[in-house]
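For reference, the structure is listed below as structure tokens.
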Number of protein chains: 2
Amino acid sequence: MKKPARPPAKPVRPSALQAESLRQTRREHASETAEDYVEAIADLAAAQGEACVVDLSRRLGVTHVTVNRTLARLQREGYVSVQPYRAIFLTAAGSKLAKECRRRHGIVVAFLRSLGISEKTAEIDAEGIEHHVSPETLAALAKHTGK
Amino acid sequence: MKKPARPPAKPVRPSALQAESLRQTRREHASETAEDYVEAIADLAAAQGEACVVDLSRRLGVTHVTVNRTLARLQREGYVSVQPYRAIFLTAAGSKLAKECRRRHGIVVAFLRSLGISEKTAEIDAEGIEHHVSPETLAALAKHTGK
DNA sequence: GTCAAAGTGTAGCCAAGGCTACAGAATGTT
DNA sequence: AACATTCTGTAGCCTTGGCTACACTTTGAC
């Protein structure tokens, strides 16, 4: 498999940069779940006073079992506070994260809407995109939308 | 955890829509790997004639073991053709997918650059974003960049 | 031809995030 | 108080996608 005549350097995209980009994307993916959860918990708390497991499972489109296990992880990581058969609360760190997510989500949706994207598509795309927008890009989107 | 006084309907974001958006994001995530791989294979083949496991592992920022296992899955799914100790080839389906990915990646990067994002950040963000851009949004981005 | 280096393959481990099936707790109605 | 419903929790299974460690093939140089 050794390439006998390897053209010294004609990388379409520099290999190291792409590898780093993909590593970054994987890191982001690891925190996506946390972000989705704290955002949902904050929303539910705002809308109806408190968040419970079934509400979250409906909201997130997974079973209550998945919610339960994930909450345990988020508690381990310090984002939420959970006790058996009790409501779910965000810690200070969780609230902070939720706030940032909400802001970022809003900016991304507003930007997409400003491009003429339908509301439904904007919501769907934003949900996927928002976790991968750097501060630099987020600022640019906000500026572009606001102009 | 039953909410005694549940306000009938004051969802910040409609629960069903968000659940569906998240489900969509998860579906996209499942195909992200395939897209990254076929894109890398196509690039390597274009740049140096053929793609091998170590090249891919360097390119993707994972070990050769991970590449190997993933290639087995992609073969199962009909995107690549692999034989022990032989070069890696894309099937027709794989080539088609790679072409689409490349186009989409180009559009996203060009758009970010047009917003004034630095090249490096544009690459990193694009890598995360490109998998979550709907055809509708992609068209809008292309139009916006090209205008 | 030999041999070392590089590439490839395999075994087995881990965590995350899905799921079903079942058991126990809380709640609201009667 | 009893009961049915809903909610919550647990056990155990699956797939994906990381990894290290070790074994085997190819390749290139001598």
Side-chain angles (χ1 to χ4, degrees), chain A residues 1-6 19-20 22-37 40-41 44 48-77 79-89 128 131, chain B residues 1-6 19-20 22-37 40-41 44 48-77 79-89 128 131:
Chain A
M1 213 76 339
K2 203 71 197 74
K3 306 104 284 184
R6 182 178 203 157
E20 199 33 63
L22 289 168
R23 261 189 275 257
Q24 174 65 27
T25 301
R26 285 195 294 269
R27 269 192 298 273
E28 287 160 359
H29 179 70
S31 43
E32 275 183 42
T33 308
E35 296 183 354
D36 289 337
Y37 273 67
I41 293 167
L44 288 168
Q48 58 188 42
E50 64 181 28
C52 68
V53 175
V54 275
D55 288 340
L56 270 178
S57 73
R58 287 185 193 120
R59 172 83 174 221
L60 299 167
V62 298
T63 65
H64 79 278
V65 183
T66 302
V67 170
N68 236 310
R69 186 160 25 66
T70 305
L71 285 176
R73 178 170 73 79
L74 295 183
Q75 180 161 45
R76 230 166 53 218
E77 295 173 354
Y79 291 115
V80 305
S81 164
V82 197
Q83 284 180 318
Y85 297 99
R86 292 280 161 271
I88 299 151
F89 294 108
H131 303 288
Chain B
M1 214 74 339
K2 204 74 194 69
K3 307 104 282 188
R6 182 179 205 158
E20 199 34 63
L22 289 168
R23 261 189 274 257
Q24 174 65 28
T25 301
R26 284 195 295 270
R27 270 193 297 274
E28 288 160 359
H29 179 70
S31 43
E32 276 183 41
T33 308
E35 296 183 354
D36 289 337
Y37 273 67
I41 293 167
L44 287 168
Q48 58 190 42
E50 64 180 29
C52 67
V53 175
V54 276
D55 288 340
L56 270 178
S57 73
R58 287 184 194 121
R59 172 81 173 224
L60 298 167
V62 297
T63 65
H64 79 279
V65 183
T66 302
V67 170
N68 236 312
R69 186 161 26 66
T70 305
L71 285 176
R73 177 169 73 81
L74 295 183
Q75 180 161 46
R76 231 167 50 218
E77 295 173 355
Y79 291 114
V80 305
S81 165
V82 197
Q83 283 180 319
Y85 297 98
R86 291 281 161 269
I88 299 152
F89 295 107
H131 304 288

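In what follows, chains are A, B, ... by sequence order, proteins preceding strands, each numbered from 1.
- dT8(D) atom P lies 9 Å from atom OH of Y85(A), rounded to whole Å.
- Residue contacts shown for R76(B) are limited to sugar-phosphate atoms, with no base heavy atom under 4.0 Å away.
- Whole-Å rounding puts the Q75(B) CD to dG9(C) P distance at 11 Å.
- Atom CD of E50(A) is separated from atom P of dC7(D) by 12 Å (rounded to the nearest Å).
- At a threshold of 4.0 angstrom between heavy atoms, the contacts of V62(B) are confined to the sugar-phosphate backbone, with no base atom among them.
- Note: CZ (R86(A)) to C1' (dA25(C)) measures 10 Å, nearest angstrom.
- At a threshold of 4.5 Å between non-hydrogen side-chain atoms, the residues D55(B) and I88(B) do not count as touching.
- Under 3.5 Å, the side chains of Q24(A) and E28(A) contain a donor-acceptor pair of N or O atoms.
- What separates CD of E32(B) from C1' of dT16(D) is a distance of 13 Å, to the nearest Å.
- As judged by a 4.0 angstrom heavy-atom cut-off over every strand, R69(B) is placed among the base-contacting residues.
- Both stacking criteria are satisfied for H64(A) over the base of dT8(D): a centre-to-centre distance under 5.5 angstrom and an angle between ring planes under 30 degrees.
- N68(B) places its CG atom 12 Å from the P atom of dA11(C), with the value rounded to the nearest Å.
- The distance from the CZ atom of R27(B) to the CG atom of L22(B) is 10.5 Å, given to the nearest 0.5 Å.
- In the set dG17(D), dC19(C), dG17(C), the nucleotide with an atom closest to the side chain of T33(A) is dG17(C).
- Close to dG17(C), at under 4.0 Å from its OP1 or OP2, lies no side-chain N or O of T66(A).
- Comparing dG17(D), dC7(D), dA21(D) against the side chain of V65(B) picks out dA21(D) as the nearest.
- In terms of position on DNA chain C, the residue among P84(A) and Y37(A) whose nearest nucleotide sits closer to the 5' end is Y37(A).
- Rounded to an integer number of Å, the gap from NE2 of H29(B) to C1' of dT16(D) is 8 Å.
- Going from atom CG of L71(B) over to atom P of dG9(C) covers 8 Å, rounded to whole Å.
- Here E50(A) does not pair with R86(A) in a salt bridge; the nearest charged N to carboxylate O distance is not below 4.0 Å.
- Under the 3.5 Å distance criterion, the side-chain polar atoms of R23(B) are matched with a main-chain donor or acceptor of G61(A).
- At least one side-chain nitrogen or oxygen of R26(A) sits closer than 4.0 Å to the OP1 or OP2 atom of dG18(D).
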